[in-house]
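Note on naming: letters A, B, ... go to the chains in the order of the sequence lines (proteins, then strands), and numbering restarts at 1 for each one.
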There are 2 protein chains.
Amino acid sequence: MINDFKHHVNRLRSSGLRPTKQRLTLCKVLFDRKETFHFTIDNLKKRIEKTTKSKISLATVYNTVHAFKNNGYLREISLQGNKTFFDTNSSSHHHFYDQDTGDLIDIKNEDIIVSKLPSAPKGKKIKQIEVTLSLANNNQNQKK
Amino acid sequence: MINDFKHHVNRLRSSGLRPTKQRLTLCKVLFDRKETFHFTIDNLKKRIEKTTKSKISLATVYNTVHAFKNNGYLREISLQGNKTFFDTNSSSHHHFYDQDTGDLIDIKNEDIIVSKLPSAPKGKKIKQIEVTLSLANNNQNQKK
DNA sequence: AAAATAATTTATAATCATTCTAAACTAGAA
DNA sequence: TTCTAGTTTAGAATGATTATAAATTATTTT
Ligand SMILES: [Mn+2]
Ligand SMILES: [Mn+2]
Ligand SMILES: [Zn+2]
Ligand SMILES: [Zn+2]
């Protein structure tokens with residue numbers, strides 16, 4: 001599996017995306033690893049620069065990440081603050097969000113059970129259930 | 001209760017905020033109504049201009065909204081896309097988020113039951129449980 | 001009530017993330 | 001090889017938010 005990227009080429013082709021040098025580089029950086037992870041664009045840009053010799057323009061990183069997201073390779077995660085996070089774990093799951101550190105930790109889908117849900121408004125369907133558990137330090141924020 | 005804003009003055013004072021003309025105007029626009037609502041800064045700025053005669057600078061709207069949020073009068077809501085929403089309903093509750101229209105609909109806390117939760121990491125505490133149900137149109141996005 | 005002070009407001013500039021543009025480049029088809 | 005549509009790119013443009021620093025105002029002190 002290592003050093004093999006035929007499957008990336010295939011996946012890109014089957015999404016109607018040409019397997020360009022830049023896209024394959026991104027595929028390797030994002031998907032050729034055991035653990036999934038969360039990242040920002042800025043974050044990812046730096047990782048590419050460190051990890052690979054390829055130079056990819058910022059515009060292309062944006063374009064590619066959005067293409068990957070639109071084709072279900074990546075998930076976009078919404079958090080407070082004005083930064084957008086992405087998740088290489090595109091399957092359904094939830095998150096701890098540490099308000100102090102900004103850390104984001106995966107929670108497996110089966111570790112949270114939502115046993116009651118409202119029904120969707122007329123003509124609409126529930127497409128995704130997302131639970132975010134916000135964390136803070138244990139010590140009571142004792143005022144004074 | 002109408003045309004009475006002593007309680008706003010009191011609340012501001014008890015938060016260590018001086019009851020300025022601008023803050024009281026914001027309090028009236030945000031809290032003197034039956035229904036709670038969701039808004040963006042831009043959104044709120046326009047509402048102020050329509051509703052009141054007061055002219056409040058953009059910087060003050062930002063400052064005040066953040067002060068109100070930090071003191072628990074408002075909640076900040078995180079959604080996909082790069083806009084920040086606020087919620088005059090500061091109590092614990094959940095949301096429908098319509099991916100097509102961008103609409104945000106409240107779900108009462110008791111209409112969602114989360115019956116299994118993971119435990120928080122060491123030294124951390126779960127401060128907030130937020131469930132977002134993403135909506136899309138019923139019709140299957142049939143590809144061709 | 002006037003003066004002193006500290007907080008607040010404001011216009012405007014600065015920053016930062018993201019998107020747009022249009023020219024150069026490239027993958028795949030003919 | 002030539003053609004064409006798709007892709008990449010640098011840089012400009014946009015839009016939201018934050019910073020700055022001077023003017024104003026609320027509150028405290030005299
Ligand atoms: Mn904010
Ligand atoms: Mn995006
Ligand atoms: Zn995740
Ligand atoms: Zn709400």
Side-chain angles (χ1 to χ4, degrees), chain A residues 5-6 8-29 38-49 52-71 73-74 76-86 102, chain B residues 5-6 8-29 38-49 52-71 73-74 76-86 102:
Chain A
F5 49 89
K6 288 243 178 62
H8 291 142
V9 173
N10 293 336
R11 179 151 77 151
L12 289 168
R13 282 237 166 77
S14 73
S15 304
L17 298 172
R18 289 188 181 173
T20 62
K21 193 155 61 76
Q22 292 83 348
R23 284 173 179 159
L24 285 168
T25 298
L26 261 285
C27 278
K28 284 185 241 164
V29 171
H38 308 110
F39 64 92
T40 62
I41 295 283
D42 187 56
N43 207 325
L44 174 61
K45 185 105 202 308
K46 280 174 190 146
R47 189 186 285 239
I48 296 163
E49 279 158 11
T52 79
K53 320 205 171 217
S54 340
K55 200 257 165 196
I56 305 186
S57 80
L58 180 60
T60 299
V61 178
Y62 271 99
N63 289 342
T64 306
V65 164
H66 278 120
F68 285 6
K69 175 197 148 194
N70 291 336
N71 286 280
Y73 307 181
L74 294 172
E76 190 172 341
I77 299 182
S78 323
L79 293 175
Q80 284 188 196
N82 40 2
K83 237 173 236 170
T84 302
F85 281 78
F86 293 90
Chain B
F5 48 89
K6 288 242 178 64
H8 292 143
V9 173
N10 292 338
R11 178 149 83 148
L12 290 168
R13 283 238 165 76
S14 75
S15 303
L17 298 171
R18 287 186 182 173
T20 61
K21 194 155 60 75
Q22 291 84 347
R23 284 172 179 160
L24 285 168
T25 298
L26 261 285
C27 278
K28 283 183 241 163
V29 171
H38 307 112
F39 64 91
T40 62
I41 295 284
D42 187 56
N43 207 326
L44 174 61
K45 186 106 201 307
K46 279 172 189 145
R47 189 187 284 241
I48 295 163
E49 279 156 12
T52 78
K53 322 208 170 213
S54 339
K55 201 258 165 197
I56 305 187
S57 78
L58 181 59
T60 299
V61 178
Y62 272 98
N63 289 341
T64 306
V65 165
H66 279 119
F68 286 5
K69 175 197 148 195
N70 292 335
N71 287 282
Y73 306 0
L74 295 171
E76 189 172 342
I77 298 182
S78 322
L79 294 174
Q80 284 187 197
N82 41 1
K83 237 173 237 170
T84 302
F85 282 77
F86 292 90

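Counting only heavy atoms from C-beta on, A:Pro19 has its side chain closest to C:dG28 among C:dG28, C:dT8, C:dT10. Distances from the side chain of A:Thr64 to the nucleotides C:dA27, D:dA26, D:dT8 place D:dT8 closest. Among D:dT18, D:dT9, C:dT18, the nucleotide with an atom closest to any side-chain atom of A:Tyr62 is C:dT18.
Between D:dT8 and A:Arg23, a contact under 4.0 Å exists linking OP1 or OP2 to a side-chain N or O. Between B:Thr60 and C:dT9 there is no side-chain polar atom (N or O) within less than 4.0 angstrom of OP1 or OP2. Not one side-chain nitrogen or oxygen of A:Arg18 sits closer than 4.0 Å to the OP1 or OP2 atom of C:dT26. OP1 or OP2 of C:dT18 sits under 4.0 Å from a side-chain N or O of A:Thr84. Under 4.0 angstrom from either OP1 or OP2 of D:dT18 there lies at least one side-chain N or O belonging to B:His66.
Residue-level contact check: B:Thr20 touches the backbone only, with heavy atoms under 4.0 Å from sugar-phosphate atoms and none from bases. Heavy atoms of B:Asp42 sit nowhere under 4.0 angstrom from any nucleic acid atom. Residue A:Lys45 is classed as having no contact, given no heavy-atom separation below 4.0 Å to the nucleic acid.
Considering only heavy atoms from C-beta on, B:Leu44 comes within 4.5 Å of B:Leu26 through its side chain.
Residues B:Lys21 and B:Ile41 each lie close to DNA chain D; by heavy-atom proximity, the contact nearer the 5' end of the strand is made by B:Ile41. For the pair B:Arg13 and B:Leu58, both in contact range of DNA chain D, the more 5′-proximal nearest nucleotide belongs to B:Leu58.
In this structure, B:Tyr73 and B:Phe68 have tilted ring planes: the angle between them lies in the 30° to 60° band.
For the pair A:Arg47 and A:Phe39, the cation-pi criterion (under 6.0 Å, within 45° of the ring axis) is not fulfilled.
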